[in-house]
Number of protein chains: 2
Amino acid sequence: MDDAQLKLSSQVCFPLYSASRLLTKAYKPYLDEMGITYPQYLVLIVLWENDELSVNQITEKLLLNSNTLSPLLKRMEKMELLQRNRSTTDERSVIVQLTEKGKSLKDQAKPIPDKLIKVLLTENINLSDVLQLKEMLNEWIKILTEDNKNLE
Amino acid sequence: MDDAQLKLSSQVCFPLYSASRLLTKAYKPYLDEMGITYPQYLVLIVLWENDELSVNQITEKLLLNSNTLSPLLKRMEKMELLQRNRSTTDERSVIVQLTEKGKSLKDQAKPIPDKLIKVLLTENINLSDVLQLKEMLNEWIKILTEDNKNLE
DNA sequence: TACCTTTGCATCGTGCACGATATAAACGCA
DNA sequence: TGCGTTTATATCGTGCACGATGCAAAGGTA
C-alpha cells in the first residue's frame with residue numbers, strides 16, 4: 001500500500017482547506033448583518049488599526065495581490081465604507097481610508113471574535129491549543145511566502 | 001484596549017485562511033504538470049479510492065455542494081478525466097467514474113504529498129505536531145459541519 | 001537629459017465557492 | 001392510486017483568488 005499518503009485522510013492540506021471554508025462560513029451570519037464579506041472584513045480590520053494605508057500596504061498585511069484587492073476595494077468604495085485617492089507624493093500609490101460609515105462598523109464587529117472562539121473551544125481543545133495551532137500556521141505562512149518570493 | 005481581539009494578529013481564522021491559500025499555491029507547480037487544479041485533484045483522490053461515486057457521495061467526502069461540484073465535474077469530463085452517467089436504479093443520481101486517463105494520473109500524483117510535507121516540517125514543527133494540528137482541524141470540521149446541519 | 005528598470009495599481013480571463021432557486025425522480029402515506 | 005414532501009443534481013448570479021499582462025509614475029544610470 002505505497003499510495004497510502006495519497007488517501008484523502010492522510011493529507012494536511014485538505015483539513016486546512018475545509019476548516020478554512022467552514023470557519024469563514026461561520027462568520028457569515030455576523031458579517032451579513034454588517035453587509036460585508038469575510039475578505040472585506042479583513043480589510044476593515046487593518047484599516048481600523050491604521051488610519052490610512054496604500055493598496056500595497058494592504059496587500060502585504062493580508063497576503064492578497066492587487067488583482068484581488070483592487071476590485072474588492074472598489075466594491076467597498078461603492079458601499080461607502082472607504083475612500084480611494086491617489087497619493088500626491090507618489091502618483092503611483094492609491095491611499096485607502098475609511099469613511100465614518102466604515103469606522104462605525106467597528107463597534108458592531110467587536111463581539112464577533114469572542115463568539116467564534118467559543119465555537120472552537122471544546123472538551124479536547126483549549127485556548128493554549130488554539131494558540132499553538134496559530135503559531136504553527138504562522139510559521140507555515142512565513143515559509144510559504146518566502147518560497148513564493150524565491151520563485152520571483 | 002478592549003478591542004484587542006479585533007486585531008488581525010489575534011484572529012484564528014486569518015492564519016487558517018492564509019495558510020490554506022498559500023499551501024494550495026504550493027501544490028500548483030505539481031498540479032500544473034498534470035493540467036489540473038487543487039479541487040480537481042481532490043476529486044481525483046476520492047475516485048482513486050473508490051471505483052465509482054455518485055455526485056452526492058463526492059459532496060459528502062469533499063464537503064462541497066453540488067453547485068460547486070457540478071460545473072467542476074463537467075470541466076473534468078471535458079478534459080476526459082472522468083465520465084458522468086445517470087444511475088439506472090435511481091434516475092436522480094449521477095454516477096462518476098474515472099477514465100483510463102484519470103486513473104493513470106495516480107502514478108504521477110504519488111510523489112506529491114511527500115514533497116509537500118517536507119516543506120511543512122521545520123526545526124520547530126515535527127510530524128507529530130502536524131498530526132496534532134490535523135486532529136484539531138478535523139474536530140473543528142466536525143463541529144462546523146454539525147452547526148450547518150442544525151441550521152437546516 | 002535620454003533610456004532602461006522597477007514599482008504600484010489595474011484589467012482580463014478562468015475557476016472555484018456558495019446562497020438562492022429550479023426541476024425531475026423517488027418516496028411516503030392517506 | 002393520488003399527491004405532497006423529500007432527495008439528487010443543476011443553473012444562475014455574485015464575489016473572491018490568481019496568473020498573465022498592461023500602463024504610467026518613479027528611480028537609476030550612463
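Residue numbers start from 1 in every chain, and the chains themselves are labelled A, B, ... in the order their sequence lines are given, proteins ahead of strands.
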(request) Between L63(A) and Q57(B), just flag the one whose closest nucleotide in DNA chain D comes earlier from the 5' side. (result)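 Of the two residues, Q57(B) wins.
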Measure [atom1]/[X] against [atom2]/[N] and give the value in whole Å, please.
X	N	atom1	atom2	answer
D32(A)	dG19(C)	CG	C1'	10 Å
N56(A)	dA25(D)	CG	C1'	14 Å
L53(B)	dA8(D)	CG	P	14 Å
R21(A)	dA17(C)	CZ	P	7 Å
R92(B)	dA24(C)	CZ	C1'	9 Å
R84(B)	dT9(D)	CZ	P	10 Å
E77(B)	dT9(D)	CD	P	14 Å
L62(A)	dC18(D)	CG	P	12 Å

Between the protein and nucleotides 11-15 of chain D, list every N/O to N/O distance that falls short of 3.5 Å.
| residue | atom | partner | partner atom | Å |
| --- | --- | --- | --- | --- |
| dT11(D) | OP1 | K74(B) | NZ | 3.2 |
| dT11(D) | OP2 | K74(B) | NZ | 3.0 |

(request) Using a strict 4.0 Å threshold on nitrogen-to-oxygen distance, state whether K103(B) and E100(B) make a salt bridge. (result)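 A salt bridge links K103(B) with E100(B).
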(message) Under a 3.5 Å cutoff, is there a donor and acceptor pairing between the side chains of N126(B) and S128(B)?
(response)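 Looking only at side-chain atoms, S128(B) and N126(B) do form a donor-acceptor pair, the distance falling under 3.5 Å.
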(message) Would you say Y41(A) and Q11(B) are linked by a side-chain donor-acceptor pair, where the criterion is simply a distance under 3.5 Å?
(response)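 Yes, because at least one side-chain N or O of Q11(B) sits under 3.5 Å from a partner of the opposite role on Y41(A).
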(request) Tell me whether the OP1 or OP2 atom of dA17(C) has a side-chain N or O from Y38(A) closer than 4.0 Å. (result)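 For dA17(C), OP1/OP2 do not have a side-chain N/O of Y38(A) under 4.0 Å.
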(request) Would you tell me if any nitrogen or oxygen in the side chain of R86(A) comes within less than 4.0 Å of OP1 or OP2 on dG8(C)? (result)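 Indeed not, no polar side-chain atom of R86(A) lies that close.
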Could you give the distance from [atom1] ([X]) to [atom2] ([Y]), rounded to the nearest 0.5 Å?
X	Y	atom1	atom2	value
E139(A)	N124(B)	CD	CG	4.5 Å
L137(B)	I141(B)	CG	CD1	6.0 Å
R75(B)	L82(B)	CZ	CG	11.5 Å
S66(B)	N56(B)	OG	CG	8.5 Å

(request) By nearest nucleotide on DNA chain C, pick out whichever of Y17(A) and L69(A) is the more 5' one. (result)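 Between the two, 5'-proximity favours L69(A).
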Let's see if you can work this out: which of [options] has an atom nearest to the side-chain heavy atoms of [X]?
X	options	value
L64(A)	dC18(D), dA25(D), dA26(C)	dC18(D)
E91(B)	dA25(C), dG19(C), dC9(C)	dA25(C)
N65(A)	dG19(D), dA10(D), dA8(D)	dG19(D)

(message) Taking any heavy-atom pair under 4.0 Å as a contact, classify T59(B): base, sugar-phosphate, or nothing.
(response)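 Result for T59(B) = nothing.
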